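The figures here come from the full heavy-atom set of this structure, side chains too, leaving out hydrogens, waters and symmetry mates. Each ligand, and each atom within it, is numbered from 1 in the order the structure gives. None of the values given here were measured: they were computed from a predicted structure. In this chain, numbering begins with 1 at the start of the sequence shown.
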Amino acid sequence: MKTILVTGGAGFIGSNFIRYVFGKGGFRGRVVNLDKLTYAGNLENLADIERKYKGRYTFVKGDICDFKLLNGIFKKYKPEAVAHFAAESHVDRSIFGPKDFVETNIQGTFALLETARNFWQNSSIPDSRFPTSFRFHHVSTDEVYGSLGKTGKFKETTPYDPRSPYSASKASSDHLVRAYHHTYGLPVTISNCSNNYGPYHFPEKLVPLAILNALEGKPLPVYGDGLQVRDWLYVEDHCAAIWEIINKGRAGETYNVGGNCEMKNIDVVKGICSALERAVPARHNKALNGKNYADLITYVKDRAGHDRRYAIDFSKIKKELGWQPAVRFAGGLAKTVDWYLANPGWVKNVKTGAYRKWISRNYGK
Ligand code: NAD
Ligand code: TYD
């Protein structure tokens, strides 16, 4: 494989994926990163990649809904694979403003599929300069399956039952991706993954929000009774799973990816407090004014339509591709806390919005 087109590569998982592919993934080719740089896109996430892989890494600022731009990118770079991460990704934002979710997650995925199909069909012509093998990998979420009761896990065969505007838009995009395989034969794969955590996570999501609030002595908001269950996966493990699927997964297949790590939200927040206590003991943190980290836990109004429990059965990817999570939650959380402590510049730029100013100076609005 010579060129991979990554969409949404300036976001949390996409940037970790690009780093993984060039590093542990052992990829020798080129990555083209197409990202609109919404509030969630941060080129500082890739500053080391730009320096280290000059000539093999190209950034294109743009929208996956833009057919003309997409056509130009496929013509120019002739990717052998697409790793599609670009999305509006935050459930709470989807509750307050679903429009962007429908546009990017549904219409954007459609535009990308349609462009990829044209490119792939033309590239199958004999003697064409285009590659004949092609892979479209769609990164999706376990939230498309809905909410579980006390027992059971999501399998690839679990019927879809999305319940937030975010999960409904992701479910819709999954259906489109599958339809392009069944109807046109486009070689697609889909991964449905559980909650990720790790470096470069934007601090609107639970784990980074709690870490950064705790360090500043601010409240740690826990929605409702805090007994909702999520299955947590360290982001690098997710990236490894996606790379395995792109390289070895069977076209037309869906693979569930999970961390074997079901946790109640309140226990995640308490785990963050313990990890912080080890890294920066509360008695040395002036922002806490003599409190413990756990004293900051504050129960707040529940999220509308809050799904109760997610859990993933990842036996298919384990059996077929030999993938399983390598990082345990306590170790992953410690690494994550250490990363936020070691990168105060990144944290400051995200919290003050300075990362946006840098982008508009270099790439326009
Ligand atoms: P993120 O919000 O951190 O990043 C999304 C990226 O997409 C940003 O860089 C943003 O600028 C870009 N983007 C948004 N709209 C765009 C558009 N119209 N055109 C081009 N780029 C656009 O999200 P994330 O957490 O890294 O999630 C990446 C993917 O993984 C998403 O598809 C998400 O649904 C899926 N996923 C996330 C999780 C999780 O726990 N975060 C779990 C399972 C699946
Ligand atoms: P989040 O990180 O937003 O991811 P997702 O909604 O995709 O699962 O939320 C993870 C869980 O934590 C979810 O059950 C909602 C809950 N939560 C809180 O309790 N407090 C918070 O401040 C946030 C952001 C989330």
Side-chain angles (χ1 to χ4, degrees), residues 6-17 33-43 45-46 60-66 69-70 83-95 100-101 103-109 111-112 138-144 147 164 166-167 169-171 173-174 190-198 200-210 213 219-235 238-239 241-242 256-259 263-266 268-269 297-303 306-310 312 359:
V6 175
T7 70
F12 164 48
I13 308 176
S15 59
N16 276 287
F17 178 74
N33 173 18
L34 168 63
D35 198 297
K36 185 178 171 182
L37 300 179
T38 67
Y39 78 93
N42 183 353
L43 287 180
N45 295 358
L46 293 158
V60 180
K61 181 176 188 288
D63 192 330
I64 55 162
C65 299
D66 183 344
L69 174 74
L70 290 177
H84 176 33
F85 293 87
E88 286 295 334
S89 70
H90 191 38
V91 174
D92 291 330
R93 284 183 190 253
S94 84
I95 293 168
D100 288 348
F101 289 73
E103 281 170 10
T104 287
N105 299 2
I106 306 178
Q107 293 171 12
T109 300
L112 197 61
H138 177 59
V139 180
S140 193
T141 166
D142 60 354
E143 305 193 22
V144 299
S147 185
S164 71
Y166 165 66
S167 55
S169 68
K170 291 298 288 186
S173 63
D174 291 11
I190 298 176
S191 49
N192 292 91
C193 185
S194 59
N195 284 63
N196 285 213
Y197 67 99
Y200 303 99
H201 208 176
F202 193 81
E204 62 182 354
K205 307 273 168 68
L206 178 64
V207 170
L209 180 87
N213 276 13
L220 310 181
V222 173
Y223 296 167
D225 61 8
L227 301 180
Q228 304 81 5
V229 172
R230 299 291 181 266
D231 174 1
W232 293 91
L233 180 68
Y234 191 63
V235 64
H238 185 192
C239 296
I242 293 170
N256 278 358
V257 180
M263 304 263 302
K264 296 185 186 88
N265 288 343
I266 183 65
V268 170
V269 176
I297 292 174
T298 308
Y299 288 92
V300 298
K301 188 168 177 283
D302 207 353
R303 171 185 281 174
H306 200 170
D307 286 340
R308 198 66 182 165
R309 176 172 165 260
Y310 303 146
I312 280 273
I359 288 168

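- Side-chain atoms of Thr7 come within 3.5 Å of backbone atoms of Ala86 as a donor-acceptor pair (strictly under, hydrogens ignored).
- Remark: minimum distance from atom 6 (O) of ligand 2 to any protein heavy atom is reached at Arg303 NH1, 2.6 Å.
- No donor-acceptor contact under 3.5 angstrom links the side chains of Thr109 and His138, judged on distance only.
- Applying the 4.0 Å criterion to heavy atoms of Lys205 picks out, from ligand 2, the atoms 2 (O).
- Residue Glu204 has no N or O atom closer than 3.5 Å to an N or O atom of ligand 2.
- Here Val91 has side-chain heavy atoms under 4.0 Å from ligand 2, and that is the only part of it that gets that close.
- For Leu209, the side chain to side chain contact (heavy atoms under 4.5 Å, CB included) partners at least two apart in sequence or on another chain are Asn213, Pro221.
- Ligand-side atoms of ligand 2 in range of Val222: 19 (O), range being under 4.0 angstrom from any heavy atom.
- Under 4.0 Å from any atom of ligand 1, one finds heavy atoms of residues Gly8, Ala10, Gly11, Phe12, Ile13, Asp35, Lys36, Leu37, Thr38, Ala40, Gly41, Gly62, Asp63, Ile64, Phe85, Ala86, Ala87, Ser89, Thr104, Val139, Ser140, Thr141, Tyr166, Lys170, Cys193, Ser194, Asn195, Asn196.
- Only the side chain of Asn195 comes within contact range of ligand 2, with a heavy atom under 4.0 Å; no backbone atom does.
- Shortest contact from atom 16 (C) of ligand 2 to any protein heavy atom: Asn265 ND2, 3.4 Å.
- With no hydrogens or angles considered, no side-chain donor-acceptor pair links Tyr197 and Arg230 at under 3.5 Å.
- Proximity of Glu143 to Lys170: side-chain heavy atoms (C-beta onward) are nowhere separated by under 4.5 Å.
- Annotation: atom 2 (O) of ligand 2 to nearest protein heavy atom, Leu206 N, 2.8 Å.
- Protein heavy atom at the shortest distance from atom 13 (C) of ligand 2 is His306 NE2, 3.5 Å.
- On a distance-only criterion, Glu143 and ligand 2 share at least one N/O pair closer than 3.5 Å.
- Defined by atom type and a distance below 3.5 Å, a donor-acceptor pair is missing between the side-chain atoms of Asn196 and Asn16.
- Proximity of Leu209 to ligand 2, defined as any heavy-atom pair under 4.0 Å, is confined to the side chain (atoms from C-beta onward).
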